[in-house]
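Each residue takes its place number in the sequence, starting with 1.
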Amino acid sequence: MISRFDHVIIGVRDLEAASERYRALGFEVNPGGRHTGLGTANAIIRFGVDYIELLTIADPEEAERAGGSSKVLLDLLQDRPGALAGYALATADIEEDAERLKQGGLAAVGPFAMERLRPDGRLLSWRLLVPEGVSWRRPWPFLIQWDQSDEQRLSWEQPGSHPNGATTVLGVSVVVASLEDAVELYRDKLGLEPRVEGDRATIAVGGFQITLLPASADAAAAQTLSEIGEGPVEAVIGVQDLARTESVLTEAGVAWQREEDGAIRVDPDQAVGARLVFREVASS
């Protein structure tokens, strides 16, 4: 019942500084709120129903008590300003997904309820299903089903007007210890359809693409695997006009490189430890 991509999460040590850095990258960044009982807080870069989440530890003691994903994030951010942490896929029937994971032999925690109190006092709520109980720095996504309709959530958190022309998240690359094991996980346990292409595999979820990379496929993937283990290594952002993106980045003094296919890659130091690629998308 996985229906679409929902959001990618970038863990950051200093939420205010990270928000300013992403504004310099040309994104509209808005305060998100606090996650009840988890010791975390966030800011949101919204495109439509899909978005980027900047996530921080707001209360280390509460995060320690919460354990699980909060403790993993706390440990991840001790020695670095930030990193890609995880990503979520949306589902229309999280109970059915939970049963499929159980039948497939992949232990998962949930579905369990979560909520975030927005600065305007509105309470967003949802249910999560988390393989092995940890969302961050794992080779899999976690699954989310929102309690509010897409229309209601978008009326509360309207899509941003991003100076860099960003319109969507096109995909993520995930570094894995074993391509064979990762393909089996996504196919047999998550019910998706990986397509093996040489030394990597791709999975389409609507217009969103997941790329599975073993260490042998990419030097940056190998470095990430060595330093912080399996998990997301890169996010690809769709933009309306790369010339506009280039102008915004250059004016802000952001270091970037042009890829062979014309895409723009931002130095991870400029994106609080995250690898970001901007790619132009065809106009609809």
Side-chain angles (χ1 to χ4, degrees), residues 4-33 41-56 77 80-88 118-119 153-154 156-173 206-211 218 220 224 232-284:
R4 61 170 178 82
F5 166 74
D6 197 81
H7 64 286
V8 65
I9 300 91
I10 301 171
V12 297
R13 188 188 299 160
D14 184 327
L15 185 59
E16 183 176 351
S19 296
E20 286 304 311
R21 168 76 339 222
Y22 274 76
R23 291 186 183 105
L25 292 174
F27 294 105
E28 180 181 316
V29 185
N30 292 301
N42 68 6
I44 302 296
I45 300 169
R46 184 168 288 283
F47 306 110
V49 290
D50 63 325
Y51 62 97
I52 297 171
E53 176 182 12
L54 303 178
L55 182 67
T56 196
L77 297 175
R80 55 188 55 83
L84 280 169
Y87 73 103
R118 288 172 36 82
R153 286 187 295 111
L154 287 176
W156 293 357
E157 293 185 344
Q158 297 182 5
S161 177
H162 306 290
N164 62 14
T167 60
T168 190
V169 181
L170 292 175
V172 294
S173 295
F208 178 79
Q209 180 171 287
I210 304 160
T211 302
D218 184 286
T224 299
V233 68
E234 180 178 281
V236 182
I237 312 301
V239 301
Q240 295 173 325
D241 181 355
L242 273 173
R244 172 180 171 184
T245 308
E246 176 183 334
S247 176
V248 168
L249 295 176
T250 301
E251 186 174 341
V254 175
W256 57 271
Q257 295 178 322
R258 182 77 68 179
E259 300 286 275
E260 290 184 2
D261 63 0
I264 289 175
R265 178 180 300 279
V266 173
D267 188 318
D269 290 341
Q270 304 288 300
V272 199
R275 283 178 65 188
L276 296 183
V277 173
F278 294 94
R279 182 162 286 129
E280 193 166 295
V281 294
S283 301
S284 58

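Between Asp6 and Tyr51, the closest side-chain pair of non-hydrogen atoms falls below 4.5 Å. Between Ile44 and His7 the shortest side-chain heavy-atom distance does not fall below 4.5 Å. Proximity of Asp14 to Glu16: side-chain heavy atoms (C-beta onward) are separated by under 4.5 Å at one or more points. Between Ile210 and Phe5 there is no side-chain heavy-atom pair separated by less than 4.5 Å. Between Arg265 and Glu234, some side-chain heavy-atom pair lies under the 4.5 Å cut-off. Residues Leu84 and Val172 are not in side-chain contact: their nearest non-hydrogen atoms beyond the backbone lie 4.5 Å or more apart. Here the side chains of Asp241 and Glu280 are in contact, with some heavy-atom distance below 4.5 Å. Looking only at side-chain heavy atoms (C-beta outward), Ile237 and Ile52 come within less than 4.5 Å of each other.
The two residues Ala271 and Val266 have their closest heavy-atom pair at CB-CG1, 4.4 Å. Pro232 and Ala85 make their closest contact through CD-O, 3.8 Å (heavy atoms, listed as atom of the first residue, atom of the second, distance). The shortest heavy-atom contact between Glu53 and Asn42 is OE2-ND2, 2.8 Å. When all heavy atoms of Gly171 and Phe208 are compared, the closest pair comes out as CA-CE1, 3.2 Å. When every heavy atom of Pro119 is checked against every heavy atom of Gly32, the shortest pair comes out as CD-O, 3.2 Å. Closest approach of Val248 and Pro163 over heavy atoms only: CG2-O, 3.4 Å.
For Gln158, the side chain to side chain donor-acceptor pair (under 3.5 Å) test picks out no residue, with sequence neighbours left out. In this structure, the side-chain contact (heavy atoms from CB on, under 4.5 Å) partners of Arg258, at least two apart in sequence or on a different chain, are Leu242, Glu246, Trp256, Ile264.
Checking side-chain atoms of Arg46 against main-chain N and O of Gly48 turns up a donor-acceptor pair under 3.5 Å. Formation of a donor-acceptor pair under 3.5 Å by the Thr56 side chain with backbone atoms of Ala41 is not found in this model. Within the 3.5 Å criterion, the main-chain N or O of Trp156 finds a donor-acceptor partner in the side chain of Arg118.
Residue Leu249 holds its CG atom at 10.0 Å from CG of Leu276, rounded to the nearest 0.5 Å. Distance check, rounded to the nearest 0.5 Å: OG1 of Thr245 to CD of Gln240 gives 8.5 Å. For the atom pair CD1 of Ile45 and OG of Ser19, the computed distance is 7.5 Å after rounding to the nearest 0.5 Å. Here the straight-line distance linking atom CD of Gln270 with atom CG of Leu25 works out to 7.5 Å at 0.5 Å rounding. Note that CG of Leu54 and CZ of Arg21 are 12.5 Å apart. Values are rounded to the nearest 0.5 Å.
Each side chain to side chain donor-acceptor pair (under 3.5 Å) pair with one or both residues in residues 159-168, not counting sequence neighbours, appears once here: Asp50-Thr168.
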Yes or no on side-chain contact (heavy atoms from CB on, under 4.5 Å) for Thr211 and Val236, after CA distance, side-chain angles and deciding distance? CA-CA 11 Å; Thr211 302; Val236 182; over 6 Å; no
CA sep, side-chain torsions, deciding dist, call: Asp218, Val233, side-chain contact (heavy atoms from CB on, under 4.5 Å): CA-CA 10 Å; Asp218 184 286; Val233 68; 5.7 Å; no
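Applying the 6.0 Å contact sphere to CD of Glu20 captures more than 12 heavy atoms from other residues, nucleotides or ligands.
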